[in-house]
Colleague: 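Just passing along the structure, written as structure tokens.
Remember, it's 1-based here, ligands and their atoms both numbered in the order they're listed.
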Amino acid sequence: MRYFVFFLLGCWLLSACHQPKPARGMDQKIDSLLALMTLEEKIGQLNLPSAGQFTTGQAQSSDIARKIEQGKVGGLFNIKSVAAIQEMQQLAVEKSRLKIPLLFGMDVIHGYESIFPIPLGLSCTWDMDAIEKSARVAAEEASADGINWTFSPMVDISRDPRWGRISEGSGEDPYLGSEIARAMVRGYQGNDLRLPNTILACTKHYALYGASEAGRDYNTVDMSRHRMYNEYFPPYKAAVEAGSASMMASFNEIDGIPATANQWLLTDVLRKQWGFQGFVVSDYTGVSEMIAHGIGDLKEVSARAVDAGLDMDMVSEGLLTTLAQSVKEGKVTEQQITQACRRILEAKYKLGLFDDPYRYCDQERAKKEVFSAANRAMAREIAAQSFVLLRNEGNMLPLKKQGTIALVGPLANSPVNMTGTWSVAARHAESVSVLQGLQNAVGAQGKIVYAKGANLDADAVLEANATLFGKTLNRDSRSEGTLREEALRVARGADVIVAALGESAEMSGEASSRVNIELPQTQKDLLKALLQTGKPVVLVLFTGRPLVLTWESKNVPAILNVWFGGSEAGDAIADVLFGQVNPSGKLTTTFPQHLGQVPIYYAHKNTGRPLTGPWFTKFQSNYLDVPNEPLYPFGYGLSYTTFVYGDVQLSAAETIASDSITATIEVANTGTYDGAEVVQLYIRDVVASVTRPVKELKGFQKVFLKAGERKTVTFAITARELSFYNANLQWVAEPGQFEVQIGSHSQEVKKAVFTLR
Ligand code: BGC
């Protein structure tokens, strides 16, 4: 009997550990369905309208409902709750001729109702298990509430902090970005899409969206293939390799052709080179926006998109309304439409929707699993890991839970701003503010006094534009001077000041680009005034992008960058401020010391005239007015303890491509707190057939060390870590010298060299 149980368990494990290959059954089902479908019904499957929110009962009489009944809708998005989704699904499977179930999509970006840190913050954990778990929880909650498709992960590399959407990605590095892309896809899709708690991932925005000129959203992108393949493509490719079920085409153009109709991108690279098997959806009105791009009218751009390899049209209804005519005119073939339709039906099949279209519609599950205490506890834990300690002069942090703590700043008492951008399903008002978090932590042991001290910005119009979607900061109509005076009165009676300053949640994210990435002046004025009291000041910094903090880095003794930590942000902030959690976050984007340095990133090329002399040296690559160095480099982040690195030891001085070489380094926790350290491996290809960056991240390990403990950290370096795309875009590892650099951030490393024969 016992063996039988083990046998069953074994079978279950085996089946759970492999994505099932539904091929035969799936092909049969879809072939027979396609044989019944009219051209119009096939085109209908390619249509993805935004549902908007209906109260139950209302849906039946809506315009969308009619389209569903007529077989003109393949999926819906922006619709929340089991009841509303069930109602729509019912229309599809009971009223449409072929009863094909709908997909239900949503932007579940960093959590569903239990919100995790914004993706840029999440990336600073460098903890792939934590990131995967956050995506798993997001999928569990979303699927419990009827959703079976998320428009995530967003894997756009960005090196321009002006671009608001830098907050939605994993920073500037292709290696780290690829690891995170894989972890997110695994988290959402699990091992079996048929399980009711897994959902389709949609990797976006394919491609290069993060390189928009001047950091202005939706702007032109123009980039060499060399850079695309080596620096910007890797995370998309990694997501494809991890089995991402869908991809979203980006808004921008590439080589003069918008991604949405770019055949080279959607077919040659994605399908032929990378072997992508899923379906491609446009971004929101991405199809009709090609009219403004200037490449044709709706009929023309829709035909071009399908011809290029686009399968689904989000919102434009260009495919729905023009493709039949384009088939008649020979602009696209019915076969192309059948192919796109097949891919969408395959996704539905893989989700198990043909077996049970209501498998994600379980009211009881929704009540139990969404925003659960366990999920919120995990969100709190991961949020604390995402914070980056930028400065801690004289070990001002951690604080003691005693005396009077003055909490000041526009972000101090705003639950609705804790979740950050793209948290569409969040219960904003139930998020934990900093004020609440500090009160929870200190209890009766001390006193928290609070004053707002400043509005987000003196400019009311800017503030209005940066506090959309209900994420108000409750603008105070009194003058900035009056607010500041009030805060100073509160602060003067305190032992320590915590200033919760920075950006609002919607000051980053889509269409939230900035040309000035400093703290708004009124907040800087407040900070200066607080410092002038002579009291210790801790800056708790909210931001969705790297900011220019040059003045702050010289004048504020302690700076904890908390991004937007999610629904439990306030408690997580208190955990770190009071030392329950030792900060371990490391930056994944470079913080410039001046905006004029942008784009600034650690993996830059050497140039023919690198700065070898002191700054300033004439006729070398540097600026007259600011040094080349960033303010805070990639990989940087302090801890309450100190880590000391030994020397890099290599297992050999030479290796060959089929072999590997081992690099080891000893790391010691020499301080008095237990803590985690992200040990980073960088490699430099010293001489190659094309120019190579001065260093590239090729490995990392997050190790936990008790106070006084030492550990040896080992990295295996194989051909994979040494390879790159050469001038012919071939993936090669070229013989020659390589420099191994290991350390606590990109600018603080120990080095060793070896040769690849
Ligand atoms: C964004 C996408 C998002 C889509 C659907 C677009 O505006 O660019 O990231 O998934 O809207 O909400």
Colleague: Give the intermediate values and the outcome of ring-ring contact (aromatic ring centres under 6.0 Å, His included) for residues Trp126 and Phe634.
Modeller: CA-CA 12 Å; Trp126 296 61; Phe634 177 85; 5.6 Å; yes
Colleague: Touching ligand 1 at all, Glu168? Heavy atoms, strictly under 4.0 Å?
Modeller: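 So Glu168 does not count as touching ligand 1.
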Colleague: Assess the pair Trp274 and Tyr236: is the distance between their ring centroids shorter than 6.0 Å?
Modeller: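 No, ring centres 6.0 Å or more apart.
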Colleague: Is it true that Met154 lies under 4.0 Å from ligand 1, counting heavy atoms only?
Modeller: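 Checking ligand 1 against Met154, which is what was asked, there is no heavy-atom contact under 4.0 Å.
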Colleague: Below 30° counts as parallel, above 60° as perpendicular, anything between as tilted: where do the rings of Tyr209 and Tyr218 land?
Modeller: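 If you compare the ring of Tyr209 with that of Tyr218, the planes turn out parallel.
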Colleague: I want to check something: taking the side chain as every heavy atom from C-beta on, are Tyr284 and Ser50 in contact at a cut-off of under 4.5 Å?
Modeller: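 In contact.
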Colleague: Report, in ascending order of atom number, the atoms of ligand 1 lying under 4.0 Å from any heavy atom of Asp107.
Modeller: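 Numbered from 1, ligand 1 contributes 3 (C), 5 (C), 10 (O), 12 (O).
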Colleague: Using heavy atoms and a threshold below 4.0 Å, how should the contact between Trp422 and ligand 1 be classified: side chain, backbone, both, or neither?
Modeller: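 The answer is the side chain.
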Colleague: Check each heavy atom of Arg165 against ligand 1 and say whether those closer than 4.0 Å belong to the side chain, the backbone, both or neither.
Modeller: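 The side chain, only.
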Colleague: Provide the number and element of each atom of ligand 1 under 4.0 Å from a heavy atom of Lys204.
Modeller: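 By the 4.0 Å cutoff, the relevant atoms are 2 (C), 3 (C), 9 (O), 10 (O).
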Colleague: Can you list the ligand 1 atoms lying under 4.0 Å from a non-hydrogen atom of Phe251?
Modeller: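 Within the 4.0 Å cut-off of Phe251, ligand 1 contributes 7 (O), 8 (O).
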Colleague: How close do Ile131 and Ser123 get, heavy atom to heavy atom, and via which atoms?
Modeller: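 Closest approach of Ile131 to Ser123: CD1-CA, 4.3 Å.
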Colleague: At a 4.0 Å threshold, what atoms of ligand 1 neighbour a non-hydrogen atom of Asp283?
Modeller: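 Contacts of ligand 1 toward Asp283, numbered from 1: 1 (C), 2 (C), 3 (C), 4 (C), 6 (C), 7 (O), 8 (O), 11 (O).
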Colleague: For ligand 1, which part of Met314 has a heavy atom less than 4.0 Å away: the side chain, the backbone, both, or neither?
Modeller: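 It is the side chain that gets close, since no backbone atom is under 4.0 Å.
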Colleague: Counting N and O atoms only, with roles assigned by atom type, does the side chain of Gln89 sit under 3.5 Å from a partner on the main chain of Pro357, one being a donor and the other an acceptor?
Modeller: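 At least one qualifying donor-acceptor pair exists.
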Colleague: Short N/O distance, under 3.5 Å, between His205 and ligand 1?
Modeller: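 By distance alone, the answer is yes.
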Colleague: Under a 4.0 angstrom heavy-atom cut-off, which atoms of ligand 1 come close to Tyr284?
Modeller: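 That gives atoms 6 (C), 7 (O), 11 (O) of ligand 1.
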Colleague: Would you say His205's side chain and Asn252's backbone share a donor-acceptor pair under 3.5 angstrom?
Modeller: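 Side chain of His205 to backbone of Asn252, a donor-acceptor pair under 3.5 Å: no, none is there.
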Colleague: Check for a donor-acceptor pair, side chain of Arg159 on one end and backbone N or O of Asp173 on the other, with a separation under 3.5 Å.
Modeller: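 Here the side-chain-to-backbone pair does not exist.
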